[in-house]
J.: 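Could you have a look at this structure, given as structure tokens, before my questions?
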Amino acid sequence: MKETFSPNNIFQVVGLLFAALLLATPFFYFIDIRSLTANPLYPTIFFAIFCLLFIGISLWVNYRRKQKIQWNFKIVSFRLLSLMLLLLVVFPIGINKPVNNLFGQLFNFKHELSNPFDRPLLLFGTVLLAPILEEIIFRGIILKGLLTRYTPKYAIILSAIVFGLVHGKPLQIWGAFVLGIFFGWIYYKTNSIGTTILLHSFANFVVLIKTYLTFKYVDLEDLNTINIALITISRPMIFIILKPLKLKLNHNKNLNPNSL
């Protein structure tokens, strides 16, 4: 793929994000801004508009440059997928959420616990809409473009930084960055946007399950002990899972001539 693919550097990435955001802002003129936080439908609509504008602009720019964007939605083999899914159970429940809880208490962030399954729109956006649109943007367009100019390691890190920063909330940035590294690595090894969409959806669902269990059964006074125990147990488990996954992915990449 030629370097005329866009975006293929961090400045083009930021430029496209800003252009999509600018074009999406007229949406706020058609709604009551005061009800933005009260009505979860509005942020979901704005998110969808922003993502579709970014995708549309990217397709148009690359069409003008005679560059085709093709996405592979085929899911990788069950053996590979099972290891990936297992890792995505361990990381959100055993590392990401406990660390966020500890930092939240350390810096006096409020824990607003609620039942996520009482909000259908949240479930739809978190488990279906966000994984599809975000993976197309961050792996299928941004990382795909960065890989045409930078080394795989540098391209994956850059795309993960952007992925983390756009999540906005301090306690979400580091977790999104780590998952961005993981999803980027999987995409680079498999060239499968379908796999990263599935993984992203599953990771978000695991977080919802963890939130529900904390809301339903866990006393906040006992949360610190549980968090420390989860982190202690999960760290070696992650390395144990990563080793065979890395070997299988390297073997899969060598056999797959369509890999990036």
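Treat the numbers as computed from the prediction; the structure is a model and nothing was measured. Quick note: numbers below take in every heavy atom, side chains included, and nothing from hydrogens, waters or symmetry partners.
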J.: Side-chain contact test, heavy atoms from C-beta onward, threshold under 4.5 Å: evaluate it for Lys248 versus Met84 and give yes or no.
T.: no
J.: Between Ser234 and Ile231, is there a donor-acceptor pair closer than 3.5 Å when you use the side chain of the first and the backbone of the second?
T.: no
J.: Shared ILVMFWY cluster between Phe11 and Val166, side chains joined below 4.5 angstrom?
T.: yes
J.: Are the side chain of Ser201 and the backbone of Pro131 linked by a donor-acceptor contact shorter than 3.5 Å?
T.: no
J.: Under the ring pair (Phe, Tyr, Trp, His ring centres under 6.0 Å) test against His200, which residue among Phe163, Phe205, Phe138 passes?
T.: Phe163
J.: Pro92 and Leu87: which non-hydrogen atoms are nearest, and at how many Å?
T.: CD-O, 4.2 Å
J.: Does the side chain of Asn191 reach to within under 4.5 Å of the side chain of Trp71, using non-hydrogen atoms?
T.: no
J.: Check whether Leu165 and Leu158 end up in the same hydrophobic cluster, where Ile, Leu, Val, Met, Phe, Trp and Tyr are linked by side-chain heavy atoms less than 4.5 Å apart.
T.: yes
J.: Is Arg119 close enough and on-axis enough to Phe124, meaning under 6.0 Å and within 45°, for cation-pi?
T.: no
J.: Measure the OG1-CD1 distance between Thr44 and Ile49 for me, rounded to the nearest 0.5 Å.
T.: 11.0 Å
J.: Would a hydrophobic clustering, with Ile, Leu, Val, Met, Phe, Trp and Tyr connected at side-chain separations under 4.5 Å, put Leu128 with Leu199?
T.: yes
J.: Can you confirm whether Tyr154 is buried at OH, in the sense that more than 12 heavy atoms of other residues, nucleotides or ligands lie under 6.0 Å from that atom?
T.: no
J.: Does Leu81 form a side-chain contact (heavy atoms from CB on, under 4.5 Å) with Leu198? I'd like the steps, not just the answer.
T.: CA-CA 9 Å; Leu81 189 61; Leu198 179 61; 3.7 Å; yes
J.: Quick one: pull up CD1 in Ile161 and CD1 in Ile173 and give me the separation to the nearest 0.5 Å.
T.: 11.5 Å
J.: Would Val178 and Ile238 show up in the same hydrophobic cluster when neighbours are defined by side-chain heavy atoms closer than 4.5 Å?
T.: yes
J.: State whether the side chain of Asn62 and the backbone N or O of Gln67 hold a donor-acceptor pair below 3.5 Å, judged by distance alone.
T.: no
J.: Before giving the answer on side-chain contact (heavy atoms from CB on, under 4.5 Å), spell out for Leu122 and Phe117 the whole-Å C-alpha distance, their side-chain angles and the decisive distance to 0.1 Å.
T.: CA-CA 8 Å; Leu122 173 66; Phe117 296 102; over 6 Å; no
J.: Any chance you could measure Ile69, atom CD1, to Ser58, atom OG, to the nearest 0.5 Å?
T.: 6.0 Å
J.: State, to 0.1 Å, how close Ser6 and Ile141 come at their nearest heavy-atom pair, and which atoms those are.
T.: O-CG2, 4.5 Å
J.: Between Phe182 and Leu88, is there a side-chain heavy-atom distance shorter than 4.5 Å?
T.: yes
J.: Between His167 and Trp174, is the side-chain contact (heavy atoms from CB on, under 4.5 Å) condition met? List the steps.
T.: CA-CA 10 Å; His167 280 76; Trp174 87 272; over 6 Å; no
J.: Does the side chain of Leu59 reach to within under 4.5 Å of the side chain of Tyr63, using non-hydrogen atoms?
T.: no
J.: Test side-chain hydrogen bond (donor to acceptor under 3.5 Å, both in side chains) on Lys210 and Asn96 and set out the steps.
T.: CA-CA 11 Å; Lys210 173 66 168 62; Asn96 188 30; over 6 Å; no
J.: So, the side chain of Arg139 versus the backbone of Gly184: is there a donor-acceptor pair under 3.5 Å, distance only?
T.: no
J.: So do the side chains of Val162 and Leu17 get within less than 4.5 Å of each other, counting heavy atoms only?
T.: yes
J.: Please round to the nearest 0.5 Å and tell me the distance separating atom OG1 of Thr195 and atom NZ of Lys189.
T.: 14.5 Å
J.: Is the closest side-chain heavy-atom distance between Ile136 and Ile132 below 4.5 Å?
T.: yes
J.: Can Val207 be reached from Ile197 by stepping across I, L, V, M, F, W or Y side chains whose heavy atoms are under 4.5 Å apart?
T.: no
J.: Before giving the answer on side-chain contact (heavy atoms from CB on, under 4.5 Å), spell out for Leu179 and Phe91 the whole-Å C-alpha distance, their side-chain angles and the decisive distance to 0.1 Å.
T.: CA-CA 9 Å; Leu179 287 178; Phe91 175 72; 3.9 Å; yes
J.: With rounding to the nearest 0.5 Å, note down the distance linking CZ in Phe50 to CZ in Phe27.
T.: 14.0 Å
J.: Taking atom CG of Leu146 and atom CD of Gln12, what is their separation to the nearest 0.5 Å?
T.: 9.0 Å
J.: Of all the heavy-atom pairs spanning Leu83 and Pro244, show the shortest one and how long it is.
T.: CD1-C, 4.1 Å
J.: Taking all heavy atoms of Tyr187 and all of Gly140, pick out the closest pair and write down the distance.
T.: OH-CA, 4.4 Å
J.: Any idea which heavy atoms bring Ser159 and Leu143 closest together, and the distance?
T.: OG-CD1, 3.8 Å
J.: Is the side chain of Thr148 donor-acceptor paired with the backbone N or O of Gly145 at a distance under 3.5 Å, no angle test?
T.: yes
J.: Just checking Phe73: does its CZ atom have more than 12 heavy atoms from other residues, nucleotides or ligands closer to it than 6.0 angstrom?
T.: yes
J.: With distance as the sole test, does Asn250 use its side chain to make a donor-acceptor pair with the main-chain N or O of Leu247 at under 3.5 Å?
T.: no
J.: Counting C-beta onward and ignoring hydrogens, is there a side-chain heavy-atom pair between Ile55 and Leu133 closer than 4.5 Å?
T.: yes
J.: Would you mind reporting whether Leu41 and Leu121 have side-chain heavy atoms less than 4.5 Å apart?
T.: yes
J.: Quick one: closest heavy-atom pair of Leu129 and Ala48, and the distance?
T.: CD2-CB, 4.3 Å
